[in-house]
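Note on naming: letters A, B, ... go to the chains in the order of the sequence lines (proteins, then strands), and numbering restarts at 1 for each one.
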Amino acid sequence: MKKKRIILHIDMDYFFAQVEERENPHFRGKPVVVGADPKEGKGRGVVSTCNYEARKYGIRSGMPISRAYKLFPEAVFLPVNMHFYEKVSVSIFDIVRKNVGEVELVSLDEAYADITKKAGSYKKAEEIGERIRKMVFRKEKLTCTVGIGENKMMAKIACEEAKPNGIKTVKSTESLKFIEKMKVEKIPGIGPKTREVMEKHLGKKNLKIKDARKIKKEKLVDLFGKRGGDFYNKLRGVDKSSVETERDVKTVGKEHTFQEDTRDPQKITKTFKGLVFSVSKKVERESLSTKGVVVVCRFEDFETHTRQTSFPKGDYDSDFFYKKSVPLLLRFLTESNKKIRLVGFRVITGS
DNA sequence: TTTCCCTTCACGG
DNA sequence: CTAACGCCGTGAAGGGAAA
C-alpha cells in the first residue's frame, strides 16, 4: 500500500517581462516583449517572453521577432538580461525553500516540491501555496501561480489552468475528469509530432486526451517505444516520476547565429573560439569534470549536424577544448559547400 | 555478446 | 504572398565500433 503524494508546482508569471516591468514601472500597461533585437523587422531571433498586453496583439513566446514586430511595432522591445533574471530567480526560490524545503528547479522560473509530509492534506497544501505566493510578492513584487496535484504532471497542469497570479488544486479523485477534454499536447512530453502520429493512428484530428485514451497500451509502446508506456499512464493522470532535488548537469554549451550566413573561415573560427572560451569559463567556475566535446553546425537551409569526440574524464582548459573541437568544426566546412548559419560548442560533463 | 560512442529527433522553457 | 525560426537543456532511439 503506497501512500498518495501531494506535489506543488510553482511558475512565475511571464517571468522575464514581469521583471522588466518591475524595474521600469512606466512599462506597466504597455505591451512588453523580451527577446532578440527586432531591427526594424529584420531581426533573426525570437520572442523569449512577453506580457499579457503583448499577447492581446497575438505575440507569443517562441515566435520569430520579425513577426512580433509586424504584429505591433510600437511594443516595448527589450533584450534578454539573463544574468539579472538569474539573480532574481535565486531570491525567489530561496523564499520557496523556506516554506517547503528542497525543490526541483526545472528552469529559472519553475520548480516542483514534494509536500506530502509537510502538508498532509490538500487543504494544508493550498495554505502553503498561498503563503508562498504572498511572500514572493511581498519580497520580490512579482506574481506567480501555484498548482497542486497528486503528481508532478497534475500539479503542472493545474498551475497552467490557474495562470496568471492564481492557485489551483486538483485532488487525486478529480484528475481523470480534469484533463479529459484537454488537447493531448497538454500532457508534458506530447508535442506536435507525437500528436500527429496519434491522430494518424486514430484517423481523427484535434485530438483530446479522452480520445487518445482509446489507444491500447501495447499500441502506444509499439508507436513510441518506452515513452509509450509513460504516455498511457499520463493520459490517465498517472505520473510516477519523483521530485529530484539534486540533479547533475549533463552538458554545458553555447551557440551563435550569425547576422548573415557565411563561409568565411576567419569569421567562423573567431566566433567559435569565443564560444569555447565562454563555455570553458563556466566549466572552470563550477569545477566541472568533462569527458567530451560536441560541435554544432546549422547550414543556411537549416539542416543541423553535430560532431563529437570523447576523452578521459578530467579537468581541462580552454586550449584543450579548442584543440579537440576545431578539427570537427573544420570538417563541416570541407564536407559541405553550404553557407553556415549557426555554430555551437558543448562539453559533456561527468560526475 | 554487451557496452560505449556518435548522431539525430522530439520536446520544453 | 508566404515564410518567418534562439538558445539553452534533457532523454531516447538506432546504428556501428569497441571491448
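- The stretch residues 188-201 of chain A touches DNA chain B through A:P188, A:G189, A:I190, A:G191, A:P192, A:K193, A:T194, each having a heavy atom within less than 4.0 Å of the strand.
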When you compare the protein's N or O atoms with those of nucleotides 2-4 of chain B, which come within less than 3.5 Å of each other, and at what distance?
none

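- Residue contacts for A:L275: at a heavy-atom cut-off of 4.0 Å it reaches no nucleic acid atom on any strand shown.
- A straight line from CG of A:D248 to P of C:dG9 spans 14 Å, rounded to a whole angstrom.
- Contacts with DNA chain B (heavy atom under 4.0 Å) in residues 75-114 of chain A: A:S107, A:D109, A:E110, listed by number.
- Nucleic acid contact for A:V252: sugar-phosphate only, since backbone atoms but no base atoms lie under 4.0 Å from a heavy atom of the residue.
- Interface residues of residues 281-317 of chain A facing DNA chain B, ordered by number: A:H305, A:T306, A:R307, A:Q308, A:T309, A:S310; criterion, heavy-atom separation under 4.0 Å.
- Here the rule is side chain to side chain donor-acceptor pair (under 3.5 Å) with A:Y14, and of A:R55, A:K163, A:E21, A:E53 only A:E21 fits it.
- Side-chain contact, A:D264 with A:T262: no donor N or O sits under 3.5 Å from an acceptor N or O.
- Salt bridge status for A:K171 with A:E150: absent, with no side-chain N to carboxylate O gap under 4.0 Å.
- A heavy atom lying under 4.0 Å from DNA chain B marks none of the residues of residues 53-70 of chain A.
- Distance NZ (A:K42) to C1' (C:dC5): 16 Å, rounded to an integer number of Å.
- In terms of modelled atom types and a separation under 3.5 Å, the side chain of A:S325 and the main chain of A:F321 share a donor-acceptor contact.
- Salt bridge status for A:K339 with A:E260: absent, with no side-chain N to carboxylate O gap under 4.0 Å.
- In this structure, A:R227 fails the cation-pi test against A:F231, since its NZ or CZ atom is not both closer than 6.0 Å to the six-membered ring centre and inside 45 degrees of the ring normal.
- Classification of A:E130 and A:R133 as a salt-bridged pair holds, one side-chain N sitting under 4.0 Å from a carboxylate O.
- Residues A:E244 and A:S242 have side chains that bring a donor and an acceptor to within less than 3.5 angstrom of each other.
- No salt bridge links A:K205 with A:E199; every basic N to acidic carboxylate O contact stays at or beyond 4.0 Å.
- The distance from atom CZ of A:R346 to atom C1' of B:dT8 is 11 Å, rounded to the nearest whole Å.
- The side chain of A:L342 approaches C:dC7 more closely than any other nucleotide in the set C:dC7, B:dT7, C:dT10.
- Taking only side-chain nitrogens and oxygens, A:T257 comes nearer than 4.0 Å to OP1 or OP2 of C:dC7.
- Look at NZ on A:K186: it is 16 Å from C1' on B:dC11, rounded to the nearest Å.
- For A:F16 and C:dC8, the CZ to P distance is 12 Å, given to the nearest whole Å.
- Between the side chain of A:D109 and the main chain of A:D13, no donor-acceptor pair closer than 3.5 Å is present.
- The interatomic distance linking A:K183 (NZ) with B:dC11 (P) rounds to 15 Å, in whole Å.
- Of the possible donor and acceptor atoms, none in the side chain of A:S278 sits under 3.5 Å from a partner among the backbone N and O of A:G274.
- Ring centroids of A:H256 and A:F258 are separated by less than 6.0 Å, placing the two rings close together.
- The pair A:K152-A:D239 does not count as a salt bridge, with every side-chain nitrogen at least 4.0 angstrom from each carboxylate oxygen.
- Figure legend: cation-pi geometry between A:K141 and A:F137, with NZ or CZ positioned under 6.0 Å from the six-membered ring centre and within 45° of its axis.
- Under the 6.0 Å cut-off for aromatic ring centres, A:Y322 and A:F277 do not qualify, their centroids lying 6.0 Å or more apart.
- A straight line from CZ of A:R44 to C1' of C:dC7 spans 15 Å, rounded to a whole angstrom.
- Here the CD atom belonging to A:E185 is positioned 10.0 Å from the CE atom belonging to A:M198, to the nearest 0.5 angstrom.
- Taking a cutoff of 4.0 Å between a charged side-chain nitrogen and a carboxylate oxygen, A:R44 and A:D261 qualify as a salt bridge.
- Atom P of nucleotide B:dG12 and atom CE of A:M153 are separated by 13 Å, given to the nearest angstrom.
- Ion pairing of A:E127 with A:R131 is absent here, as no side-chain N (NZ or NE/NH1/NH2) approaches a carboxylate O to less than 4.0 Å.
- A single hydrophobic cluster is seen to contain both A:V170 and A:I187, as judged by linkage of ILVMFWY side chains at heavy-atom distances under 4.5 Å, directly or through other members.
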Please produce a list of atom pairs where a protein N or O lies less than 3.5 Å from an N or O of nucleotides 11-19 of chain C.
from   : atom 1 : to     : atom 2 : distance (Å)
C:dA13 : OP1    : A:K226 : N      : 3.1

